[in-house]
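Residue indices begin at 1 and follow the sequence shown. For ligands, and for the atoms within them, numbers begin at 1 and follow the listed sequence.
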Amino acid sequence: MNSRVTKKMLTPFEASRPTGAVLMINLFDPQIATARLFLEAITSHQLPYVVIGNKMDLVDESEIARVEAELGVALKPVSLAGNDQTEELTQLIETLFPPNTRIVVLGVFNTGKTSLIAHLTGQPLKISNMPGTTLSFEEYRWDERVLIDSVGQLIDVSRPLMVGYDFSGLDTPDAMFDHAMRQEAEAILSSIDSARPGLIKAVAAIDERLKQGAKIVTTGAGASGLVAEEIAGQFFETGMMCLPVTNAFSQGLPISFAKGIAEEEGGLARLVAAHLTEKDVLIAVSASGGTGFVYEALRLAREKGAATVAITENRDTPMGVNADIVIRSNAKPEGPSSTRIQTTHLAIGHALVCILAAMRELGGEEAIGYMMPEHIATKKMGIK
Ligand SMILES: Nc1nc2c(ncn2[C@@H]2O[C@H](COP(=O)(O)OP(=O)(O)OP(=O)(O)O)[C@@H](O)[C@H]2O)c(=O)[nH]1
Ligand SMILES: [Mg+2]
């Protein structure tokens, strides 16, 4: 395990030569599995460390205890934005790390790593709820110590492939295949508890609106766009009308998939929202929670009074802010190519559609009707 973690963290983490570590946890969206990997990297390097539970303003005390129990370490609860417990925190860090310590600040994105460094140094740094605000390791002097800001995602640029699975130590396609399939399945299993509350709310809200004649629109970008299209297809097959509007532009699909083409185009958000009225439902999919036109479409749809549902891995993001209901997957940790997250979002979409169909008591005969070809006589070729 240690060698795997070391490898994942190797390039940026070891290159920054830390002699102490702060691990930030977002109490509102703790992402324990990824936090554990950061913690392992810290302990395998035998660094002195402190774990901070930030955003205590957003949770109650029982949640703090729950996160501590799940992670298996004590944490210092603070609110950096609310300036709560921050003086105690500064003292704790000063006591734990002697002068000349190089303190790396680790954690998932949006945990408040940069907020901590800005607080300690007084420097005006770039802070936002967009996942991935900080995209490189940066050093800041803080009196006699050095603070190192980091990237909130486990990226190993020394790996031959920057894809979802870590095949370290697996030499044969057989072993790799077994590992890949298990990884996908585990992602779904570990999302049952995190997704259930949002899914149940979404089922109730969509069922109620469907009874009033609502239509459903799905949206997403790239791989999440494909998930949105699949969900729409399943809705159609079970007799519910659903329109997918994504950034998958025909021949440009592989590019929009890999490079996020048009994600910044606000016109796309307006196009999605144009299909919706106050009677309707928008289901938006984004692995990161920060896809531009997707979270903007949620905002516009909500402004119109439509019901808005977000399916995402990260709820403390613009997607989470702009949706009435958040269905949160828990499919990480993994690299930037998020196969496990897409698999899980598909499973969530399938569950949502099938539960809604069951609630309508969709019978076999009716269901077959939706799947059978519906022939319409057409003209002969060449007739103009
Ligand atoms: N409610 C609340 N929000 C906070 C708190 N601390 C930070 N935030 C907000 O959380 C968001 C993320 O803060 P950042 O400091 O940019 O987080 P980061 O870990 O550096 O994120 P990346 O650079 O994306 O990895 C920002 O919108 C902050 O304003 C807090 O104590 N409470
Ligand atoms: Mg940052």
- Where is the nearest protein heavy atom to atom 25 (O) of ligand 1: which residue, which atom, and how far? Lys113 NZ, 2.8 Å

- Among non-hydrogen protein atoms, atom 28 (C) of ligand 1 lies closest to Ile127 CG2, 3.6 Å

- Item | Worked verdict on Ser79 versus Asp84 for side-chain hydrogen bond (donor to acceptor under 3.5 Å, both in side chains) | CA-CA 5 Å; Ser79 170; Asp84 195 357; 6.0 Å; no

- Any chance you could lay out the side-chain contact (heavy atoms from CB on, under 4.5 Å) test for Lys76 and Glu88, step after step, and finish with the verdict? CA-CA 9 Å; Lys76 168 75 188 152; Glu88 291 82 348; 3.9 Å; yes

- Output yes when Arg182 and Asp178 qualify as a salt bridge under the 4.0 Å nitrogen-oxygen rule, no when they do not. no

- Task: Show your reasoning for whether side-chain contact (heavy atoms from CB on, under 4.5 Å) applies to Ile383 and Lys380.
- Result: CA-CA 6 Å; Ile383 300 296; Lys380 294 282 178 254; 4.0 Å; yes

- Item | Closest approach of any protein heavy atom to atom 7 (C) of ligand 1, naming residue and atom | Ser115 OG, 3.5 Å

- What protein heavy atom sits nearest atom 17 (O) of ligand 1, and how far away is it? Gly112 N, 3.2 Å

- Item | With Glu313, the side chain to side chain donor-acceptor pair (under 3.5 Å) member among Ser329, Ser286, Ser338, Ser194 | Ser329

- Query: Has Thr134 got an N, O or S atom lying less than 2.8 Å from the Mg ion (ligand 2)?
  - Reply: yes

- Query: When you look for heavy atoms under 4.0 Å from ligand 1, do you find them on the side chain of Met130, its backbone, both, or neither?
  - Reply: backbone

- Message: Does any part of the side chain of His45, heavy atoms only, come nearer than 4.5 Å to the side chain of Pro18, both counted from C-beta?
- Response: no

- Task: Only heavy atoms count here, so choose which of Asn26, Asn314, Asn110, Val59 is nearest to atom 21 (O) of ligand 1.
- Result: Asn110

- Any ion pair linking Arg36 and Glu40 (charged N to carboxylate O, less than 4.0 Å)? no

- Query: Who's closest to atom 31 (O) of ligand 1 heavy-atom-wise, of Ile52, Asn83, Leu80?
  - Reply: Leu80

- Task: Of the side chain and backbone of Ala118, name the one, both, or neither that has a heavy atom under 4.0 Å from an atom of ligand 1.
- Result: neither

- Query: What is the nearest protein non-hydrogen atom to atom 10 (O) of ligand 1, stated with its residue, atom name and distance?
  - Reply: Lys55 NZ, 2.9 Å

- Message: Looking at Arg102 and Ser16, would you say the former's side chain and the latter's main chain have a donor-acceptor pair under 3.5 Å?
- Response: yes

- Please report which non-hydrogen protein atom sits nearest to atom 6 (N) of ligand 1, along with the residue it belongs to and the distance in Å to one decimal place. Asn54 ND2, 3.1 Å

- Would you say Ser79 and ligand 1 have an N/O pair spaced under 3.5 Å apart? yes

- Decide whether the shortest distance between a heavy atom of Gly132 and an atom of ligand 1 is less than 4.0 Å. yes

- Decide yes or no on salt bridge (Lys or Arg N to Asp or Glu O under 4.0 Å) for Lys304 and Asp280, but give the supporting numbers first. CA-CA 9 Å; Lys304 284 181 153 185; Asp280 300 326; over 6 Å; no

- Non-hydrogen atom of Met24 closer than 4.0 Å to ligand 1: no

- Between Ser150 and ligand 1, does any nitrogen or oxygen pair lie at a separation below 3.5 Å? no

- Residue, atom name and distance, where the atom is the protein heavy atom closest to atom 5 (C) of ligand 1: Ala81 CB, 3.4 Å

- Determine, step by step, whether Asp174 and Thr172 satisfy the side-chain hydrogen bond (donor to acceptor under 3.5 Å, both in side chains) criterion, reporting the C-alpha distance in whole Å, the side-chain angles of both residues, the deciding distance to 0.1 Å, and the verdict. CA-CA 5 Å; Asp174 283 45; Thr172 65; 4.9 Å; no

- Validate the cation-pi geometry between Arg145 and Phe97: distance from NZ or CZ to the six-membered ring centre under 6.0 Å, angle to the ring axis within 45°. no

- Item | Region of Leu116 engaging ligand 1 - heavy atom pairs below 4.0 Å | neither

- Could you tell me which atoms of ligand 1, counted from 1 in the order shown, lie closer than 4.0 angstrom to a heavy atom of Thr133? 22 (P), 23 (O), 24 (O)

- Query: Which is it for Asn26 and Asn54 under the side-chain contact (heavy atoms from CB on, under 4.5 Å) test, yes or no, and what are the steps along the way?
  - Reply: CA-CA 5 Å; Asn26 178 354; Asn54 189 27; over 6 Å; no

- Message: Just so I know, are the side chains of Phe38 and Thr34 near enough to count as touching, which here means a heavy-atom distance under 4.5 Å?
- Response: yes

- Query: When hydrophobic residues are tied together by side-chain contacts of less than 4.5 Å, even through go-betweens, does Phe109 share a cluster with Met319?
  - Reply: no

- Query: Who's closest to atom 2 (C) of ligand 1 heavy-atom-wise, of Asp57, Val78, Thr86, Leu135?
  - Reply: Asp57

- Item | Contact check: Phe109 vs ligand 1, nitrogen or oxygen atoms, below 3.5 angstrom | no

- So is Thr114 polar-close to ligand 1, meaning N/O to N/O under 3.5 Å? yes

- Item | Whether Ser115 has an N, O or S atom under 2.8 Å from the Mg ion (ligand 2) | no

- Which atoms from ligand 1 have a heavy atom of Leu58 less than 4.0 Å away? 1 (N)

- Item | Protein contact to atom 27 (O) of ligand 1 [nearest heavy atom, distance to 0.1 Å] | Asn129 N, 3.3 Å

